[in-house]
Trainee: 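Just passing along the structure, written as structure tokens.
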Number of protein chains: 2
Amino acid sequence: MRLLSRSEEYVLLAVWRLQGNAYTLSILDQISEVTGYQWQIGAIYVPLEKLRKKGYLKKKKGDPTPERGGRSKFLYELTDLGRKALREIKEVQETAWAGISKITFD
Amino acid sequence: MRLLSRSEEYVLLAVWRLQGNAYTLSILDQISEVTGYQWQIGAIYVPLEKLRKKGYLKKKKGDPTPERGGRSKFLYELTDLGRKALREIKEVQETAWAGISKITFD
DNA sequence: GTATTTGTTTTATAATATTAAACAAATACA
DNA sequence: TGTATTTGTTTAATATTATAAAACAAATAC
């Protein structure tokens, strides 16, 4: 049983955080904001598709009536499996980081 | 500016945690324990060397007097740069995960 | 001096990440 | 209409990381 890759983790987290407004570009911006540097779109698209195929994300066509130009979005949302995967990686990370405090770093 | 890869992160953390007894095999065991599945040695050795080359880890020959058979270890320890890298990835992760609670998952 | 133990290093392959560009569909407005 | 603009998705080429298995090295014991 392998861990989620780092980009998979961040994509799932961004989808969770964007609640109902998660699509390729908004996910990209979310992750760039959170990590502090600009991610490229391929870094999102590939794991997105992978997560969908694994059943962690559900993809559906967005509203067909955008207010300005531009094609319609594909929105993503977490499935139960996706939530479970997040829960698991969170636990692993808490174990890995347990005990590390600011003091440790001085 | 890129993030540490996941294996780099876990190797740094293991070295920190093993304080003075961090060498390839003990790091491998630490990470396997923390993540809950058996890692292979190549998954450690490569990032170890990379972290050393980046100046995050210092490598030194272990005591030349092991008690039983077996060659002597190479011990690793964190440098200031390594501690800084850990601090940074910790901050990114705290930002990424901020607000996620048990309730969110129910 | 050779078997056993402990540990490091290499190599081949698979999976992920990165970058850049191509492609698609919607609106606006001449 | 029809073409420019905007917003968004998808593909493709390359580089970097991860995985697995095996080879290599150095120490002790007897």
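Chain letters run A, B, ... following the sequence lines, proteins first and then strands; every chain starts at 1.
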Trainee: What is the distance from atom OG of B/Ser7 to atom CG of A/Leu3, rounded to the nearest 0.5 Å?
Mentor: 10.5 Å
Trainee: In this structure, how many angstroms lie between the C1' atom of D/dT19 and the CG atom of B/Leu48, rounded?
Mentor: 15 Å
Trainee: Counting a pair only when it is Watson-Crick or G-U and both distances are under 3.5 Å, which runs of at least 3 such pairs involve DNA chain D?
Mentor: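 For DNA chain D the paired stretches long enough to count as stems (3 pairs minimum) are C:1-30 with D:1-30.
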Trainee: Which letter, B, S or -, goes with each nucleotide of nucleotides 12-18 of chain C from 5' to 3', with contact meaning a protein heavy atom under 4.0 Å?
Mentor: ----SSB
Trainee: Find the distance A/Tyr45:OH to D/dA13:P and express it as a whole number of Å.
Mentor: 16 Å
Trainee: I'd like a list of close polar pairs between nucleotides 1-4 of chain D and the protein, N/O only, cut-off under 3.5 Å.
Mentor:
none

Trainee: Between atom CD1 in B/Ile41 and atom C1' in C/dT11, what is the gap in whole Å?
Mentor: 14 Å
Trainee: Could you measure the distance from the CD atom of B/Gln38 to the CG atom of B/Leu28? Nearest 0.5 Å is fine.
Mentor: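 Between atom CD of B/Gln38 and atom CG of B/Leu28 there are 6.0 Å.
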Trainee: A/Ile31 versus A/Leu13: any side-chain heavy-atom pair under 4.5 Å?
Mentor: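 With C-beta onward as the side chain, the pair stays apart.
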Trainee: Who passes salt bridge (Lys or Arg N to Asp or Glu O under 4.0 Å) against A/Glu33, sequence neighbours left out?
Mentor: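 Checked A/Glu33 against salt bridge (Lys or Arg N to Asp or Glu O under 4.0 Å); zero matches.
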Trainee: Round to a whole Å and report the spacing from CZ of A/Arg71 to C1' of C/dA26.
Mentor: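 For the pair A/Arg71 CZ and C/dA26 C1', the rounded distance is 9 Å.
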Trainee: Rounded to whole angstroms, how far apart are NZ on A/Lys73 and P on D/dT9?
Mentor: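 A/Lys73 atom NZ is separated from D/dT9 atom P by 8 Å.
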Trainee: Does the pair A/Leu57 and A/Thr79 meet the rule for a side chain to side chain contact (heavy atoms under 4.5 Å, CB included), with working shown?
Mentor: CA-CA 5 Å; A/Leu57 290 178; A/Thr79 64; 5.7 Å; no
Trainee: Could you pull out every donor-acceptor pair under 3.5 Å between side chains of residues 39-54 of chain A and any protein atom, sequence neighbours left out?
Mentor:
{"from": "A/Trp39", "atom 1": "NE1", "to": "A/Thr35", "atom 2": "OG1", "distance (Å)": "2.9"}
{"from": "A/Glu49", "atom 1": "OE1", "to": "A/Arg52", "atom 2": "NE", "distance (Å)": "3.3"}
{"from": "A/Glu49", "atom 1": "OE1", "to": "A/Arg52", "atom 2": "NH2", "distance (Å)": "2.8"}
{"from": "A/Glu49", "atom 1": "OE2", "to": "A/Arg52", "atom 2": "NE", "distance (Å)": "3.2"}
{"from": "A/Lys54", "atom 1": "NZ", "to": "A/Glu8", "atom 2": "OE2", "distance (Å)": "3.0"}

Trainee: With sequence neighbours excluded, tell me which residues meet side chain to side chain contact (heavy atoms under 4.5 Å, CB included) with B/Thr95.
Mentor: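 Partners of B/Thr95 by the side chain to side chain contact (heavy atoms under 4.5 Å, CB included) criterion, ordered by chain and then number, come out as A/Val34.
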Trainee: Would you give the length of the straight line joining atom NZ of A/Lys90 to atom CD of A/Glu9, rounded to the nearest 0.5 angstrom?
Mentor: 11.5 Å
Trainee: Say you draw a straight line from CG of A/Leu4 to CD1 of A/Ile89; how long is it, rounded to the nearest 0.5 Å?
Mentor: 5.0 Å
Trainee: Should A/Lys61 be listed as having a side-chain N or O under 4.0 Å from OP1 or OP2 of D/dT9?
Mentor: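 No.
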Trainee: Working to the nearest 0.5 angstrom, can you tell me the gap between B/Tyr76 OH and B/Lys59 NZ?
Mentor: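 Rounded to the nearest 0.5 Å, the OH-NZ separation comes to 3.5 Å.
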Trainee: What pairs with A/Arg17 under salt bridge (Lys or Arg N to Asp or Glu O under 4.0 Å), at least two apart in sequence or on another chain?
Mentor: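 None.
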Trainee: What pairs of nitrogen or oxygen atoms, one from the protein and one from nucleotides 1-4 of chain C, lie under 3.5 Å apart?
Mentor:
none

Trainee: Report the residue (B/Gln38 or A/Phe74) whose heavy-atom-nearest nucleotide on DNA chain D is the more 5′ of the two.
Mentor: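 Its nearest nucleotide being more 5', the pick is A/Phe74.
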Trainee: Hey, does A/Tyr56 have a side-chain heavy atom less than 4.5 Å from the side chain of A/Leu78?
Mentor: no
Trainee: Run the salt bridge (Lys or Arg N to Asp or Glu O under 4.0 Å) test against B/Lys60 and tell me which residues pass, sequence neighbours left out.
Mentor: B/Glu77
Trainee: Start with the C-alpha gap between A/Ser72 and A/Lys61, add the side-chain angles, then the distance that decides, and say whether side chain to side chain contact (heavy atoms under 4.5 Å, CB included) holds.
Mentor: CA-CA 7 Å; A/Ser72 48; A/Lys61 202 155 196 323; 2.7 Å; yes
Trainee: For DNA chain D, which residues in residues 19-30 of chain A have a heavy atom at a distance below 4.0 Å?
Mentor: A/Tyr23, A/Thr24, A/Leu25
Trainee: What pairs of residues pass the side chain to side chain donor-acceptor pair (under 3.5 Å) test when at least one of them lies in residues 19-31 of chain A, not counting sequence neighbours?
Mentor: none
Trainee: Rounded to whole Å, how long is the line connecting atom CD of B/Glu49 with atom P of C/dT8?
Mentor: 11 Å
Trainee: Run B/Trp16 and A/Ile100 through side chain to side chain contact (heavy atoms under 4.5 Å, CB included) and show every step you take.
Mentor: CA-CA 9 Å; B/Trp16 167 78; A/Ile100 289 225; 3.2 Å; yes
